[in-house]
Peer 1: 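Can you read through this structure? Questions will come right after.
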4 protein chains.
Amino acid sequence: MLNKVVLIGRLTKDPVLKYASSNMIPVTTFTLAVNRNYTQQNGDRLADFIPIVTWRKLAEICGNNLKKGRLVAVAGSIQTRSWDDNSGNRHWITEVVADEVKFLDSNKSSGNDPMIDLGKDIHSFDIDVDGGDFDGFSPVESEDDLPF
Amino acid sequence: MLNKVVLIGRLTKDPVLKYASSNMIPVTTFTLAVNRNYTQQNGDRLADFIPIVTWRKLAEICGNNLKKGRLVAVAGSIQTRSWDDNSGNRHWITEVVADEVKFLDSNKSSGNDPMIDLGKDIHSFDIDVDGGDFDGFSPVESEDDLPF
Amino acid sequence: MLNKVVLIGRLTKDPVLKYASSNMIPVTTFTLAVNRNYTQQNGDRLADFIPIVTWRKLAEICGNNLKKGRLVAVAGSIQTRSWDDNSGNRHWITEVVADEVKFLDSNKSSGNDPMIDLGKDIHSFDIDVDGGDFDGFSPVESEDDLPF
Amino acid sequence: MLNKVVLIGRLTKDPVLKYASSNMIPVTTFTLAVNRNYTQQNGDRLADFIPIVTWRKLAEICGNNLKKGRLVAVAGSIQTRSWDDNSGNRHWITEVVADEVKFLDSNKSSGNDPMIDLGKDIHSFDIDVDGGDFDGFSPVESEDDLPF
DNA sequence: TTTT
DNA sequence: TTTT
């Protein structure tokens with residue numbers, strides 16, 4: 001019926017950009033560390049580590065420009081998927097499918113890496129709603145090959 | 001940093017109310033079926049099945065009043081936890097911790113079951129922010145015994 | 001940068017469906033009464049009354065099917081507009097532009113009015129993202145004629 | 001019933017911190033410029049300007065630390081209020097009451113002004129849910145004196 | 001098995 | 001009547 005998520009956090013690692021085997025649609029995945037507001041008395045857990053998936057043009061922008069440690073805002077929805085391991089056991093996965101990803105800090109790696117110039121403003125990228133060159137809009141497809 | 005979720009869906013089963021073994025805090029869990037807007041061409045998946053956790057007073061209200069099939073709105077945040085199985089394998093779980101649960105349909109089971117009278121209005125219940133009688137506010141505690 | 005709203009409430013009046021004078025795009029407006037969780041000690045204000053605007057296909061669905069008192073969920077964003085009155089004074093308006101409207105209760109008026117059959121399930125309608133027959137996608141256009 | 005807002009944007013001016021005349025509760029107001037994702041063909045409107053209100057401890061933190069141009073995330077709810085002008089005309093105001101404000105950029109004004117040291121991390125502040133020393137929790141009180 |  |  002309704003399924004809305006907004007997160008702000010940092011990438012735990014560099015994102016992973018792949019092309020789905022069946023239709024070559026770009027798909028990028030990363031994990032977001034979202035710090036909790038309170039501090040545990042034992043100092044134990046301080047963050048939630050939330051798997052994020054992006055598709056198509058947004059996947060390419062994220063895969064080519066985000067890096068470990070970058071601060072981003074993600075808007076999207078929660079999705080559940082299942083996959084079967086080699087032993088025939090079914091595993092369930094809950095992840096966030098991002099519709100929008102906003103880059104909230106400037107590019108830290110000022111070296112000569114192939115990142116685009118983010119300029120002096122905060123950049124934001126929306127999802128490619130019409131699917132660009134891709135054949136037919138399907139909100140979620142080719143869920144195989146996802147690393148989670 | 002920021003972690004906000006809003007869901008509307010139906011309970012896939014009756015909720016499960018337990019009392020955490022360490023401190024007897026009430027905790028209720030259920031799974032929400034959230035229908036997607038689009039229809040798969042193959043008619044395959046139409047909904048996401050999202051695990052929900054509630055604590056304290058809200059847990060008691062949900063555990064005592066919700067039933068399979070009821071339509072609810074949930075506001076809260078995404079949480080990740082890990083647990084180790086008997087074989088020593090660690091499993092990761094992503095679920096939604098509910099701060100607010102709104103009952104969106106009237107009581108379907110008009111029989112003589114022990115459900116409270118929901119009256120003619122939509123009822124809503126907020127989380128017990130101060131923790132009631134409990135000693136000290138801890139946003140998430142006693143995560144053992146969770147059924148997910 | 002990011003602008004997300006989710007509301008659940010009831011229409012204070014029947015919605016108003018118009019066609020924008022410049023380009024004949026359908027636009028429907030209504031006000032949502034969103035009850036607050038707490039009760040004022042003086043019993044004064046119990047709800048916020050939030051102006052909602054919808055465009056295109058979603059506007060037609062809302063304008064033709066919603067009625068005063070219906071319970072709906074709205075997802076969208078906050079928008080600010082200004083207009084000048086006859087005395088040359090500028091007025092500022094804050095409203096919610098709906099991307100999605102979900103009908104949460106069944107059709108109350110079971111008479112022979114021209115409402116569509118909502119069936120036994122909750123119906124939901126998304127915004128017409130591609131704009132249908134309209135010439136070029138413009139997220140908000142023709143803001144004149146709005147009744148707020 | 002349910003009323004959730006998340007915004008990311010920049011302060012158009014320095015925030016205004018006042019103490020409500022009736023009970024001396026701190027209240028801070030500011031306007032957030034939230035850039036839209038799309039560009040108008042005429043280059044006209046690019047942002048929404050959304051009035052924000054915060055209360056109590058969060059009001060003091062915002063009033064003492066935020067400045068014009070700072071990038072923040074705001075989570076809260078939409079509120080409507082009315083006030084009567086000298087001519088006896090009633091005016092309606094829609095604003096966002098912030099429960100959480102996250103500071104997303106580091107302190108720009110590195111001079112010797114009285115701002116607190118924000119350190120090298122992103123700082124976040126939650127609302128003072130129990131109201132501190134104040135007598136009884138009332139989510140919104142003393143709405144007079146608000147500058148909007 | 002993690003970000004700052 | 002506005003931010004970057």
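Keep in mind that this is a model prediction, so the values were computed, not measured. Side chains are part of it too, since the values below use all heavy atoms of this structure and drop only hydrogens, waters and symmetry mates.
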Peer 1: Within this structure, what is the CD-to-C1' distance between E95(A) and dT2(E), rounded to whole angstrom?
Peer 2: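 E95(A) atom CD is separated from dT2(E) atom C1' by 17 Å.
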Peer 1: Which ranges of DNA chain E pair up as stems, where a stem means three or more consecutive Watson-Crick or G-U pairs with both distances under 3.5 Å?
Peer 2: none
Peer 1: Excluding sequence neighbours, so at least two apart, what forms side-chain hydrogen bond (donor to acceptor under 3.5 Å, both in side chains) with N86(A)?
Peer 2: none
Peer 1: Of the nucleotides dT3(F), dT3(E), dT2(F), which has the atom closest to the A33(D) side chain?
Peer 2: dT3(F)
Peer 1: What's the shortest heavy-atom distance between S77(C) and N3(C), and which atoms?
Peer 2: CB-O, 3.2 Å
Peer 1: How many Å lie between CG on L104(A) and P on dT3(F), as a whole number?
Peer 2: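 From L104(A) CG to dT3(F) P: 20 Å.
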Peer 1: Starting at atom CZ of R36(D), determine the distance to atom P of dT2(F), rounded to an integer number of angstrom.
Peer 2: 16 Å
Peer 1: Among V101(D), I8(D), I52(D), which residue meets the side-chain contact (heavy atoms from CB on, under 4.5 Å) test with V72(D)?
Peer 2: V101(D)
Peer 1: Does this structure show an ion pair linking K68(A) with D14(A), if we count only N-O contacts that are shorter than 4.0 Å?
Peer 2: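 D14(A) and K68(A): not salt-bridged.
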Peer 1: What is the separation between atom CG on L11(A) and atom P on dT4(E), rounded to the nearest whole Å?
Peer 2: 10 Å
Peer 1: For the pair made of NZ in K67(A) and C1' in dT4(E), what is the distance, rounded to whole Å?
Peer 2: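 The answer, rounded to whole Å, is 18 Å.
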Peer 1: Round to a whole Å and report the spacing from CG of D105(A) to C1' of dT4(E).
Peer 2: 10 Å
Peer 1: Kindly compute the distance separating CD (Q79(B)) from CD1 (I93(B)), expressed to the nearest 0.5 Å.
Peer 2: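 Interatomic distance, Q79(B) CD to I93(B) CD1, rounded to 0.5 Å: 10.0 Å.
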Peer 1: Rounded to the nearest angstrom, tell me the gap between atom CG in L71(D) and atom C1' in dT2(F).
Peer 2: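 Rounding to the nearest Å, CG of L71(D) and C1' of dT2(F) are 16 Å apart.
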Peer 1: What's the closest nucleotide to the side chain of N35(A) if the choices are dT2(E), dT3(E), dT2(F)?
Peer 2: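 Output: dT3(E).
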Peer 1: Measure up the H91(B) and H91(A) rings against each other and bin them: parallel (under 30°), tilted (30 to 60°), perpendicular (over 60°).
Peer 2: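 Parallel.
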Peer 1: Identify which nucleotide among dT4(E), dT2(F), dT2(E) has an atom closest to any side-chain atom of R10(A), counting heavy atoms from C-beta outward.
Peer 2: dT4(E)
Peer 1: List in chain and number order the residues that pass salt bridge (Lys or Arg N to Asp or Glu O under 4.0 Å) with D85(A), two or more places apart in sequence or in another chain; answer none if no residue qualifies.
Peer 2: none
Peer 1: What integer distance in Å separates K68(D):NZ from dT4(F):P?
Peer 2: 6 Å
